[in-house]
Amino acid sequence: MRASQYLIATVKETPSDAEIVSHQLMLRAGMIRKLASGLYTWLPMGLRILRKVENIVREEMDRAGALELLMPAVQPAELWQESGRWDTMGAEMLRLTDRHNREFCFGPTHEEIITDMVRNELRSYKQLPANFYQIQTKFRDERRPRFGVMRAREFLMKDAYSFHLNDESLKETYAVMHETYSRIFTRLGLDFRPVLADTGAIGGSGSHEFHVLADSGEDAIAFSTESDYAANVEKAEALPPQDERPAPSQDMSVAETPQKHTIEEVVNFLKVEATQTLKTLVVHGADESGEKEGVIALVLRGDHELNEIKAEKFSQVYAPLTMASEEDIRAAIGCGIGSIGPVELGIPMIVDRDAAFVADFVCGANEDGKHLVGVNWGRDLPEPEIADIRNVVEGDKSPDGKGTLTIKRGIEVGHIFQLGQKYSESMNATVLDENGKTATMTMGCYGIGVSRIVASAIEQNHDDKGIIWPDAIAPFQLTLLAMNYNKSDAVRETADKLYEELTAAGIDLILDDRNERAGVMFADMELIGIPHRIVVGDRGLKNGAVEYKGRRDADNQDIPLDGLVDWIVQKIGH
RNA sequence: CGGGACGUAGCGCAGCCUGGUAGCGCACUUCGCUGGGGGUGAAGUGGUCGGAGGUUCGAAUCCUCUCGUCCCGACCA
């Protein structure tokens, strides 16, 4: 490609509405443009990257034996009504009505469609296992689109769905997909980790997320220092304390704490450690049928955070988890938020394992402006019902018993799921087994956020000049910068010749033949992030040489023109 | 959806408080010089100030409503 014939849409100034570095650089490098909230145009330069990611994903899915197909983005409501999700999906699903007033949605995912296809096409256990995938545009009407294509409403996703006669077969394919995902992210040049994930509302027996490690990530991942244990903090179990609870050493007494509500305020005021305090959060409760009913208290050590995913799993807790309002709390307990404590609380409570382990603790007195100190379980209040409802923190014991946990941030770029029979059952997707009996298929599903990968690769690979693409997904492998292309015959002839030869040798390159000053060309190509650069200029040509510099290199090196093409092919060819 | 902020040229912003001919930088066009790190001089193009209504002799500026965007909290590839 010649730069003079291409759209180099770089800009110097950072658009004001871009928060994270990948979003800023994608805009500045002329890869995307925003059309509306969560909707982006991929400019030619950006699309090249997206396609390269897509192709690697496709190659590895094909290698794993999955079959590519393409399903409609717009889907009829009937199938979603059949699975029950038409009513449960909520506002995230974009709903449409056609001219005949029939209802459709723009697919946020394709379980219903693939299950419908498979139940119509597959009749025999002999056709199983089967794994189908597509690379296709999804639409999810996110509450809060942000960070450019990182969390867009419309995005490109690879989604795969496997079908099995039994769980063993599912587990085999799941393992193959786990391996395939690792191959994909390795080929993409990303620093990633597979981590245990919560199975969420879908249920099922197993799930891993694949995270690209980056400080800007929206997820927290817990890693063991001693083993390969890694889990989303949503999922990571906080082990119960292993020692005995210390014996009480203080009598319980009331402390005046006027206007002290937060743990931090109380800790500073009473001069105690946060680990010696308990905090009591009040959320909406649920009755036996899961309807909202009353309130329930969740008790945590002062320095710990509630894990909402864990808490939501208790049947007494209303899902989705919602904090009770100040009025609800006053009505139920008689004091404000910030003065609540477990002693004679009068509403049901679930106490975190670590909170139940503290002796002589400080907690709210259920009376405004007062806290209790020197409180002890089993003496001043009954031994509690305990559970794991907190987020793990740095330094906790690893749930696998090996080492302690460290916490890092991650961007979820893939998620694999053992679905089970949720959809095949509700949609009656069956085959005949070897005994001629009807058998409901078991399913797995496997997603990769293709467009999100582009952004996460930038989060991991950039410097103050711009993007530094991994070779595998760079929009161009090499840039050929011609100094004074329009004035120097020697430069132009050499550059044109090199361009032809390198193209013929299969190198994906862009020749910068624009009538720009050197600084502009350097700055543009560095911003865009082309990983390899050759400079052709009169200065080098006098010595029969050009200059090479890798995007991460500190210095140029002179390379003789003679044998240059072979040298480059050797260095960056496939 | 709750809380906060912002909408003025393609981009980044000033002007608004205290109403009186819409500005700056970048980008873009033409010409000159320059030519290995976003160079320079000259001359230009481009905006119904997000939209609607109101107050006023007069509104980018004041008031009301509305739409959009971004940031912080509950969901997900």
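Lettering follows sequence order; numbering is per chain, from 1.
- Donor-acceptor pairing under 3.5 Å is lacking for the side chains of Tyr6(A) and Asp512(A).
- Identified under the salt bridge (Lys or Arg N to Asp or Glu O under 4.0 Å) test for residues 543-557 of chain A, with sequence neighbours left out: Asp463(A)-Arg551(A).
- Applying the side chain to side chain donor-acceptor pair (under 3.5 Å) test to Arg409(A) and every residue at least two apart in sequence or in another chain returns nothing.
- Each side chain to side chain donor-acceptor pair (under 3.5 Å) pair with one or both residues in residues 145-155 of chain A, not counting sequence neighbours, appears once here: Asp141(A)-Arg153(A), Glu142(A)-Arg151(A), Arg146(A)-Glu218(A), Arg151(A)-Glu218(A).
- In this structure, Ala152(A) reaches the bases: a heavy-atom distance under 4.0 Å links it to at least one base atom across the strands shown.
- Every residue meeting the side chain to side chain donor-acceptor pair (under 3.5 Å) condition with Lys497(A), not counting sequence neighbours, appears here in chain and number order: Glu501(A).
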Measure all distances between protein nitrogen or oxygen atoms and nitrogen or oxygen atoms of nucleotides 72-74 of chain B, and list the pairs falling under 3.5 Å.
residue: C72(B); atom: OP2; partner: Arg144(A); partner atom: NH1; Å: 2.9
residue: C72(B); atom: OP2; partner: Arg144(A); partner atom: NH2; Å: 2.5
residue: C72(B); atom: OP2; partner: Arg146(A); partner atom: NH1; Å: 3.4
residue: A74(B); atom: N1; partner: Arg143(A); partner atom: NE; Å: 3.2
residue: A74(B); atom: N3; partner: Arg143(A); partner atom: NE; Å: 3.1

Checking Ile389(A) against Leu300(A) for the side chain to side chain contact (heavy atoms under 4.5 Å, CB included) test, could you report, in this order, the C-alpha distance in whole Å, the side-chain angles of both residues, the deciding distance, and whether it holds?
CA-CA 8 Å; Ile389(A) 55 170; Leu300(A) 294 151; 3.9 Å; yes
Distance-only donor-acceptor pairs under 3.5 Å for side chains of residues 515-527 of chain A, two or more places apart:
residue: Asp524(A); atom: OD1; partner: Thr10(A); partner atom: OG1; Å: 2.8
residue: Asp524(A); atom: OD2; partner: Arg514(A); partner atom: NH1; Å: 3.0
residue: Asp524(A); atom: OD2; partner: Arg514(A); partner atom: NH2; Å: 3.0
residue: Glu526(A); atom: OE2; partner: Arg533(A); partner atom: NH1; Å: 3.3

Please list, pair by pair, any protein nitrogen or oxygen found under 3.5 Å from a nitrogen or oxygen in nucleotides 12-16 of chain B.
residue: G12(B); atom: OP1; partner: Ser16(A); partner atom: N; Å: 2.9
residue: G12(B); atom: OP1; partner: Ser16(A); partner atom: OG; Å: 3.2
residue: C13(B); atom: OP2; partner: Ser16(A); partner atom: OG; Å: 3.2

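- Comparing A77(B), G36(B), G38(B) by their nearest atom to the side chain of Lys12(A) picks out G38(B).
- Within 4.0 Å of Met483(A), counting heavy atoms only, lies at least one base atom of the nucleic acid.
- Between the side chain of Glu526(A) and the base of G37(B) there is at least one donor-acceptor pair of N/O atoms closer than 3.5 Å.
- Counting any heavy atom pair closer than 4.0 Å across all strands shown, Asp524(A) reaches a base atom.
- Among the heavy atoms of the strands, none lies under 4.0 Å from Arg514(A).
- Closest to the side chain of Arg28(A), from the set G36(B), G38(B), U69(B), is G38(B).
- Counting any heavy atom pair closer than 4.0 Å across all strands shown, Val413(A) reaches sugar-phosphate atoms only and no base atom.
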Pairs under 3.5 Å (N/O, protein and nucleotides 31-34 of chain B):
residue: U34(B); atom: O2; partner: Arg517(A); partner atom: NH1; Å: 2.3

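- Judged by atom type and distance alone, Asn484(A) does not reach the base of G36(B) through any side-chain donor-acceptor pair under 3.5 Å.
- Within residues 185-195 of chain A, no residue has any heavy atom closer than 4.0 Å to RNA chain B.
- When heavy atoms are screened at a 4.0 angstrom cut-off, Asp141(A) is found touching no nucleic acid atom at all.
- Taking the six-membered ring for Trp and the full ring otherwise, the centers of Tyr181(A) and Tyr446(A) sit at least 6.0 Å from each other.
- Near RNA chain B, meaning a heavy atom under 4.0 Å away, there are no residues from residues 48-58 of chain A.
- Take Asp496(A) and apply the side chain to side chain donor-acceptor pair (under 3.5 Å) test, not counting sequence neighbours, and it matches Arg2(A), Tyr485(A).
- The ring of Phe522(A) does not lie on top of the base of G38(B); it is either too far (5.5 Å or more) or too tilted (30° or more).
- Using the Watson-Crick or G-U wobble rule with both distances under 3.5 Å, C49(B) pairs with nothing in any strand shown.
- When the side chain to side chain donor-acceptor pair (under 3.5 Å) test is applied to Arg143(A), no partner is found at least two apart in sequence or on another chain.
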